[in-house]
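Written below as structure tokens is the structure these notes are about.
Positions are given from 1 along the sequence.
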Amino acid sequence: MIMLQDTTNCGEATGLINGLPNNGIMVSRATLPRDFTGKYAGGHWYRFERAGGAEGMLDPISVYPNPGLTARLCWCSALERCNPARPADFRVEAGLMTIVRLTRSVDISCYVLAHCRVQLALADATPFAAGDQLMVKKGLAPPHRLACSGTVVSGLGVDGKGLSARMQEVGDQQGRFDLGKVPVTVAVDSYRLCWCQASIRPCVSPSEFSFDIGTVTVVAVKYVWPSCKSLHRPF
């Protein structure tokens with residue numbers, strides 16, 4: 001079994017995490033064809049689930065903790081017969097799980113040759129923190145948040161490779177991501193903003209920027225080269 005614990009070290013939690021089913025416990029088992037997850041032996045995958053309509057069938061449970069959080073995955077062997085209500089029994093750290101709560105999507109416009117920044121209220125995006133990063137990718141709105149998988153937009157970002165500067169906390173509980181100046185080489189279009197928790201993770205490859213937070217639209221400026229040469233009226 002794995003228990004999610006909101007603590008520095010596994011086994012030190014003094015209580016359970018609100019908003020998680022089964023006391024925050026995920027139990028492993030062998031997959032069934034209806035799980036649609038591939039074929040894995042017991043001990044190789046875990047999820048929150050409940051009994052389905054038919055006997056022996058199990059369905060996944062969606063979780064909505066408020067606020068979002070990063071919790072430790074704390075493991076206990078079935079042979080130890082751990083008590084699901086006693087966090088101290090789950091002492092072996094197996095990694096981290098981040099559950100994001102984003103109450104509203106980002107929708108901004110940035111002009112060609114102007115500075116582009118993404119700013120959001122941190123209360124609406126938990127557990128976003130200083131040091132996180134965004135990557136700008138091509139593509140339509142994904143079917144769910146964890147499907148930000150388009151190709152990277154070259155030219156945007158502080159390094160010209162679609163990557164934002166690390167998020168800074170500004171003003172009254174606001175988070176700001178700097179995407180640098182938009183060059184004329186970037187096509188006028190709408191792009192996806194993909195988040196990675198770079199404050200605590202490496203976030204090196206584009207695949208790690210998988211959480212979709214919304215849209216940035218690049219807008220042409222009427223009186224700046226080269227668009228000004230096509231205007232029908234003078235300056």
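Minimum interatomic distance between P21 and V63 (heavy atoms only, all atoms of both residues): CD-CG1, 3.4 Å. In plain terms, the two heavy atoms of A125 and L120 that are nearest each other are CB-CD1, 4.1 Å. Looking at every heavy atom in both residues, R29 comes nearest to W45 through O-NE1, 2.7 Å. The minimum heavy-atom distance linking S210 with S207 is given by the pair CB-O, 3.7 Å. When all heavy atoms of C203 and E208 are compared, the closest pair comes out as C-OE1, 3.4 Å. Closest approach of K137 and V153 over heavy atoms only: C-CG2, 3.7 Å.
If you take CG on D89 and CD on E80, they are separated by 8.0 Å, rounding to the nearest 0.5 Å. Summarising the geometry, atom CG belonging to D124 is positioned 4.5 Å from atom CZ belonging to R104; distances are rounded to the nearest 0.5 Å. Rounding to the nearest 0.5 angstrom, the gap separating the CG atom in L163 from the CG atom in L156 is 11.5 Å. Here the CG-CG distance, from N22 to L16, works out to 11.0 Å after rounding to the nearest 0.5 Å. Atom-to-atom distance recorded for M26:CE and R47:CZ is 11.5 Å, nearest 0.5 angstrom. For the atom pair CG of L69 and CG of L96, the computed distance is 11.0 Å after rounding to the nearest 0.5 Å.
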With side-chain contact (heavy atoms from CB on, under 4.5 Å) as the criterion, how do Y191 and V186 come out once you've worked through the C-alpha distance, each side chain's angles and the decisive distance to 0.1 Å? CA-CA 11 Å; Y191 303 104; V186 176; 4.0 Å; yes
Verdict with reasoning, S199 to D132, per side chain to side chain donor-acceptor pair (under 3.5 Å): CA-CA 5 Å; S199 54; D132 291 347; 2.6 Å; yes
Full working for side chain to side chain donor-acceptor pair (under 3.5 Å) between R145 and S105: CA-CA 10 Å; R145 292 283 185 192; S105 295; 2.9 Å; yes
C10 vs F90, test: side-chain contact (heavy atoms from CB on, under 4.5 Å). Steps then yes/no. CA-CA 6 Å; C10 284; F90 296 79; 5.9 Å; no
Go through F48 and L4 one step at a time and tell me if the side-chain contact (heavy atoms from CB on, under 4.5 Å) criterion holds. CA-CA 11 Å; F48 293 114; L4 270 65; 4.2 Å; yes
Apply side-chain contact (heavy atoms from CB on, under 4.5 Å) to residues M97 and T70 and explain how you reach the verdict. CA-CA 6 Å; M97 176 182 285; T70 297; over 6 Å; no
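The shortest side-chain heavy-atom distance between L122 and M167 falls under the 4.5 Å cut-off. For the pair C196 and M135, the minimum side-chain heavy-atom distance is 4.5 Å or more. Looking only at side-chain heavy atoms (C-beta outward), T98 and F211 stay at 4.5 Å or farther from each other. Using a 4.5 Å cut-off on side-chain heavy atoms (C-beta onward), R101 and I99 make no contact.
Heavy-atom neighbours of E12 CD from other residues, nucleotides or ligands within 6.0 Å: above the threshold of 12. Heavy-atom neighbours of D172 CG from other residues, nucleotides or ligands within 6.0 Å: at or below the threshold of 12. No more than 12 heavy-atom neighbours from other residues, nucleotides or ligands sit within 6.0 angstrom of CG on N18.
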Side-chain donor-acceptor contacts of residues 110-118 below 3.5 Å, not counting sequence neighbours, with atom names and distances?
| from | atom 1 | to | atom 2 | distance (Å) |
| --- | --- | --- | --- | --- |
| H115 | NE2 | D178 | OD1 | 2.9 |
| H115 | NE2 | D178 | OD2 | 3.2 |

